[in-house]
Amino acid sequence: MSTITPRVRFAPSPTGYLHVGGLRTALYNYLFARRHGGTVILRIEDTDRGRYVEGAAEALAETLAWAGLHFDEGPALGGAHGPYVQSERSEIYAAHVARLLAEDKAYRCFCTPEELEASRQRQIAEKRDPAYDGRCRRLDAEDIQRRMADGLPFTVRLKVPRMGQLQLRDLIRGDIVVQYDTIDDQVLLKSDGFPTYHLANVVDDHLMEITHVIRGEEWLPSTPKHVLLYEFFGWDAPEFAHLPLLLNADRSKLSKRQGDVAVEDYRAKGFLPEALVNFVALLGWNPGDDRELFSRDELAQSFSLDRVSKAGAVFDVEKLKWFNAQYLRALPPARLADLCAPWLRAAGIDTDDTARAMQVTTAFANYLEVPADIAPHLGFLSPAPIVLASDAERAAIAAPEARRVLTAFATRAADIEPWNRETIKAMIKSVQTETGVKGKALFLPLRLALSGAEHGPDLGIIAELLGRARTLERIRAMRG
RNA sequence: GCACCCAUCGACUAGAGGCCUAGGUCGUCACCCUUUCACGGUGAAAACACGGGUUCGAAUCCCGUUGGGUGUACCA
């Protein structure tokens, strides 16, 4: 690897949301730059007018910021190599295309999409490999002039050598050799005047002085075209590092329809950026030891491209949940309360009373994978009176033993001090000693009286959160 | 079809010729803790795709097979 300080970039298309695979690519670029004291650039690749989504670029930047990935140069940040939005760089691409044309390294193609499609179909029917047949490659200058004078639309294609081979080096995969005759004459400039990814990417990476192209493996098959372009321009190509893909459970490329793929989806479900970043960082990379919990800074300390694996990684939400649970319980009480606030309010808790909100949420911190998990535990806090659902439950609480337990509990609960889960549990112990009732016969009546349910949080927690007054009130209600 | 990439437990992975009777984590199961649920603790089941080489010795190197993936657009 070179010793120069790296300049890397994350270059998403503004077509909607940030894909979790994109997040990981962005993260690896970010970590690589941080690790080596380099620069990360955000570049918006909006050369496809058809797929462009208004506001998507801003949303992308916002989501990246949420994830804690901060760039050094970019559309909103500025920098010496702008503009950082490709649609604002049209003249630059045009100039470079002109140069390729002048040097006979590219040619104009007047084939219409219909003609190309027909040709493709014919090739498939004849069981030949579909590829551009190169008919416009042979047009003479006169012909080209006439068609241009007629105002015929055209694209510009890369003039790939007919024979020979090309070798490229990938930091993750090693040396790769490709025969020229398997490479199509790629369109570089579309008939609408916008460049394709291949051209824009190479030109921008060069002009922005990118040293390492770290991107998804789906780009590996087109990398030879990019390398050829660098050669045609007479530029040194950057280092390439093609990351293994993120996969669905069936090992196909991670896609919508088989689960959530948008970072925004996970954010909305209450996944913490720390957890998502930590999880995604370990999908295709590992530190070489058994550590799994990493802060962003720790990742930046340890990250290295040569510990990136080659095989694709399945995105397993179960493990993500585990990470989230770890981070959730480590959160300061105020922040956890904040995240749980909607469900607290739904359960009738006044979240403006921050002490109360924190008391409730911290009681359940260990129960949560995502904040919404708190909801089912909050039922007993409802102000509605307890109504037992079954005859069995009513019978359980009407039993003579149960009456004695409730009475003894009420008496002692009136004056223990302070009122918290420990003292309450100790108090229940003494109720057991006093009444001689134990096990289910002891706890079930209390649980039913206080929460109306057979299952739920620890009785100490229930009584503590209910508070002494409401606890006594519920016991009284059950004793009739 | 063709090109390229890849191949260790269900999942993420450690492993760069002997340390491997293959380790860790998630998940699963069992037991313990516990009135219950969760947490936590302990433990278990669970993998080197296959076939040839090379070597005293292969999960590790080479070749082939098989399997999977990506690409094959005037999308990125």
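Lettering of chains follows the sequences in order, A, B, ..., and the numbering in each one begins at 1. Values below: all heavy atoms of this structure, side chains included; hydrogens, waters and symmetry mates excluded.
- Across A22(B) and G15(B), the matching C1' atoms stand 8 Å from one another, rounded to whole Å.
- Classification of the His242(A)-Phe240(A) ring pair by plane angle, with boundaries at 30° and 60°, yields parallel.
- At least one donor-acceptor pair under 3.5 Å links the side chain of Asp192(A) to the backbone N or O of Phe194(A).
- Contact annotation for Leu442(A): no contact, since no heavy-atom pair falls under 4.0 Å across all strands.
- Taking only side-chain atoms of Arg307(A), from C-beta outward, the nucleotide of G15(B), U13(B), A7(B) with the closest atom is G15(B).
- Here the C1' atom of nucleotide C4(B) and the CG atom of Asp181(A) are 14 Å apart, to the nearest Å.
- With hydrogens and angles left out, the side-chain atoms of Arg51(A) and Ser13(A) include no donor and acceptor closer than 3.5 Å.
- Open room surrounds NZ on Lys429(A); 12 or fewer heavy atoms of other groups in view lie less than 6.0 Å from it.
- Residue Gly50(A) is classed as having no contact, given no heavy-atom separation below 4.0 Å to the nucleic acid.
- The nearest whole Å value for the distance from the CD atom in Glu126(A) to the P atom in C2(B) is 17 Å.
- Remark: P of U13(B) and NZ of Lys310(A) are 14 Å apart, rounded to the nearest angstrom.
- Checking the phosphate oxygens (OP1, OP2) of A14(B), a side-chain nitrogen or oxygen of Asn286(A) falls inside 4.0 Å.
- Here A3(B) presents its P atom at 14 Å from CD of Gln165(A), a figure rounded to the nearest Å.
- Rounding to whole angstrom units, CZ of residue Phe380(A) and C1' of C37(B) are separated by 13 Å.
- Between Ala249(A) and Ile172(A), the residue anchored closer to the 5' end of RNA chain B is Ile172(A), taking for each the nucleotide with the nearest heavy atom.
- Nucleic acid contact for Thr223(A): none, since no nucleic acid atom lies under 4.0 Å from a heavy atom of the residue.
- Separation of the C1' atoms belonging to U13(B) and U54(B) is 29 Å when rounded to the nearest angstrom.
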* To do: Can you check each nucleotide of nucleotides 20-35 of chain B against protein heavy atoms at under 4.0 Å and return B for base, S for sugar-phosphate only, - for none, in 5' to 3' order?
  => ----SBS--------B
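- Comparing the C1' positions of C4(B) and U8(B) gives an interatomic distance of 24 Å, to the nearest angstrom.
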* When every nucleotide of nucleotides 64-76 of chain B is labelled 5' to 3' by its protein contacts under 4.0 Å (heavy atoms), B for base, S for sugar-phosphate only, - for none, what sequence of letters results? -> -----SBSSSBBB
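- Atom-to-atom, CD of Gln121(A) to P of G1(B) comes out at 18 Å; the value is rounded to the nearest Å.
- Geometric assessment of Arg147(A) against the ring of Phe154(A) yields a negative cation-pi assignment under the 6.0 Å and 45° thresholds.
- Here the shortest heavy-atom pairing between Ala281(A) and Leu27(A) reads CB-CD2, 3.6 Å.
- Here the side chain of Asn324(A) pairs a donor or acceptor atom with the backbone of Gly270(A) at under 3.5 angstrom.
- A distance of about 26 Å separates the P atoms of U65(B) and G57(B), rounded to the whole Å.
- No contact: Arg291(A) has no heavy atom under 4.0 Å from any strand.
- For the pair Asn248(A) (side chain) and Lys253(A) (backbone), a donor-acceptor distance under 3.5 Å is present.
- Spacing between atom CD1 of Ile183(A) and atom P of C2(B) amounts to 18 Å, rounded to whole angstrom units.
- The side chain of Asn366(A) has C39(B) as its nearest neighbour among C2(B), C39(B), C4(B).
- Comparing C37(B), C2(B), C4(B) against the side chain of Tyr367(A) picks out C37(B) as the nearest.
- Atom CD in Gln326(A) sits roughly 14 Å away from atom C1' in A38(B) (whole-Å rounding).
- Separation of the C1' atoms belonging to C32(B) and C39(B) is 14 Å when rounded to the nearest angstrom.
- Less than 6.0 angstrom separates the ring centroid of Tyr197(A) from the ring centroid of Trp219(A).
- Taking the P atoms as reference points, G51(B) lies 12 Å from A59(B), given to the whole Å.
- Residue pairs that meet the ring-ring contact (aromatic ring centres under 6.0 Å, His included) test with at least one member in residues 301-321 of chain A, sequence neighbours left out, are Tyr28(A)-Phe303(A), Tyr266(A)-Phe315(A), Phe279(A)-Phe315(A), Trp285(A)-Phe303(A).
- The side-chain heavy atoms of Thr15(A) and Asp48(A), taken from C-beta on, include no pair separated by under 4.5 Å.
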